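Report on one structure; see the data block that follows.
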Amino acid sequence: MALSSPSFVLLAVVFMAAQVILSAGYNKCVARNFGYDSVVCECNSTYCDSIASVTLPPLGQFSSYLSSMAGSRLEASQGEVQPKSTGGGLRLTIVPYQKYQKIRGFGGAMTDAAAINILSLSAGAQEQLLRQYFSSEGIGYSVVRVPMASCDFSTRLYTYADTLGDYNLDNFTLAPEDIKMKIPLLQRAQALSPRPLSLLASAWSAPAWMKTNGALTGKGSLKGEPGGKEHKTWAQYYVRFLEEYAKHNLTFWAVTTGNEPSAGKMTNYSFQALGFTPEEQRDWVALDLGPALHASSYPHTHILILDDIRILLPHWAKVILSDVHAGRYIHGVAVHWYWDNIVPAEISLGTTHHLYPEYYLFGTEACTGWNALDRGVKLGSWDRAEQYAHDIIEDLNHYVVGWTDWNLALDLNGGPNWVKNFVDSAVIVDAKRDVFYKQPSFYSMAHFSAFLWEGSQRVGVSASGETHLEFSAFIRADGSVVLIILNRSSSEIQFEVWDPVVGYIPSTAPAHSLLTLAWKTQ
Ligand SMILES: *[C@@H]1O[C@H](CO)[C@@H](O)[C@H](O)[C@H]1NC(C)=O
Ligand SMILES: *[C@@H]1O[C@H](CO)[C@@H](O)[C@H](O)[C@H]1NC(C)=O
Ligand SMILES: *[C@@H]1O[C@H](CO)[C@@H](O)[C@H](O)[C@H]1NC(C)=O
Ligand SMILES: *[C@@H]1O[C@H](CO)[C@@H](O)[C@H](O)[C@H]1NC(C)=O
């Protein structure tokens, strides 16, 4: 009978082989619903969902990865590039000759809180968690922001030089939080990563004795003037930090001029802060930090200014970057995402880029759950994943070269945080159960970080008509194209992508979905 015919058997074998290939190395999300609009994926010491494969099919086919409120998580599929338009509907056209910025990378922050949470898991679960972010089966994180000493996501207040009047920094010493927690985890992350990690350091406060208010918290600045002994010592503190981490084989790509300098000037933070006006920051870089780094063993460390919200742009950049004495030491402008929805990207990021195109823009902090009206952890919030994807696409479309999430992991309360400034995180750890939950925002990050490798260059993409879709397109160093598409509305839309080099890609953006399409061009 037909069933036993040789050709059927052959077909069945081929079909099964194809299925094996598609599911090889692919673990499905173990979904859990906590009553919000979507689900988390639960991972433990022996199991975690993973991305099927980011290896692209041959020329003439495309890969598609879908995450959605309905529950898809980086769901992979492949299709044929078509020689002809399917006609009608929305068309997104790739414009390869319109070239913009090149990507540096994506990542998160190794705060004291993140380290405490990761280490609260069993050895096996710790390994799974680190692999999720950093290994070649993970989502391609290459940037890690490291707070210099304590911040609000610490369990106590400390700096590395709390000995009164220690202007020579004779008693400078890393904290147990560095030696026992952050450094070992960073070394493990580096060992898992297929490429060198780009470490980025930010300080929250100088030692209290160097400050006008004599405290790590609240309104206060360095005593004296740029060029004076407190400013010089504070610059040397950066050099000592780099030296101490280097003893553990961890070298930094960049330092910022300090976390949220406006906080220590304008607002009265209940946690660690150090105020600078842009003029003070300019002169401190020109007279102290720039020369100190230049004369140190780490003269190639990048200096990023601002490290604060983009409403301060372009003014902050104008004050500092139009000064040649400061500007020659500086490489980029670091931005935090808070209040982005009330500050148009074009007048802040866009204007800054057009005024100072030789300096890059880099996202150094973002989290959800920080606002008093929407506080803390929401397990399974798709809305928060959309907030991430919307902001990343907007930033990328305005010359930003990388985007860094805040804490790599928090506990079920969104802490620990010594001032109870609890927020959300892409990974939430439940130490009691020895599991961690990958939030929808983890996959938001992944849709970019797993595909936009360092050196990927943003290119033009134009829509044939009005659309609510948000998108950004890139050509990677190997010539392949990556297109990320966000649909924040509640109905499905069909569209096609036209890459003049290869042809037409028919696609659909389901309601509330995030899609990464990728294909070879040669
Ligand atoms: C880990 O999760 C997997 C999948 O849910 C489950 O089969 C396994 O029993 C869990 N392992 C432990 C140690 O709980
Ligand atoms: C500071 O360092 C000096 C020399 O290493 C040491 O004698 C002194 O006890 C230290 N002081 C404090 C307060 O740690
Ligand atoms: C330092 O790190 C590099 C890679 O970043 C590695 O090749 C080297 O073996 C490490 N050295 C030590 C002493 O750990
Ligand atoms: C700043 O806040 C602290 C409490 O966090 C308060 O004690 C202090 O009075 C405030 N200072 C100003 C100048 O508002």
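Atoms within each ligand, like the ligands themselves, are counted from 1 in listed order. Everything quoted here is computed from the prediction, not taken from an experiment.
- Distances from atom 11 (N) of ligand 1 to the protein include at least one heavy-atom value under 4.0 Å.
- Side chains of S513 and N487: a donor-acceptor N/O pair is absent below 3.5 angstrom, by distance only.
- Scanning all protein heavy atoms for the shortest distance to atom 5 (O) of ligand 1 gives V30 CG2, 3.8 Å.
- Counting the atoms of ligand 1 from 1 in the order shown, those under 4.0 Å from a heavy atom of T46 are 1 (C), 10 (C), 11 (N).
- Of the possible polar contacts, none joining the Y443 side chain to the A385 backbone as a donor-acceptor pair under 3.5 Å is found.
- Counting the atoms of ligand 1 from 1 in the order shown, those under 4.0 Å from a heavy atom of N44 are 1 (C), 2 (O), 3 (C), 8 (C), 10 (C), 11 (N), 12 (C), 14 (O).
- For atom 7 (O) of ligand 1, no protein non-hydrogen atom is found at a distance below 4.0 Å.
- Protein heavy atom in closest approach to atom 13 (C) of ligand 1: S45 OG, 4.0 Å.
- Aromatic pair W498/Y504: ring centres closer than 6.0 Å.
- Cysteines C41 and C48: SG-SG separation is not under 2.5 Å.
- At a cut-off of 3.5 Å, with distance as the only test, a side-chain donor of T364 or D307 sits close to an acceptor on the other residue.
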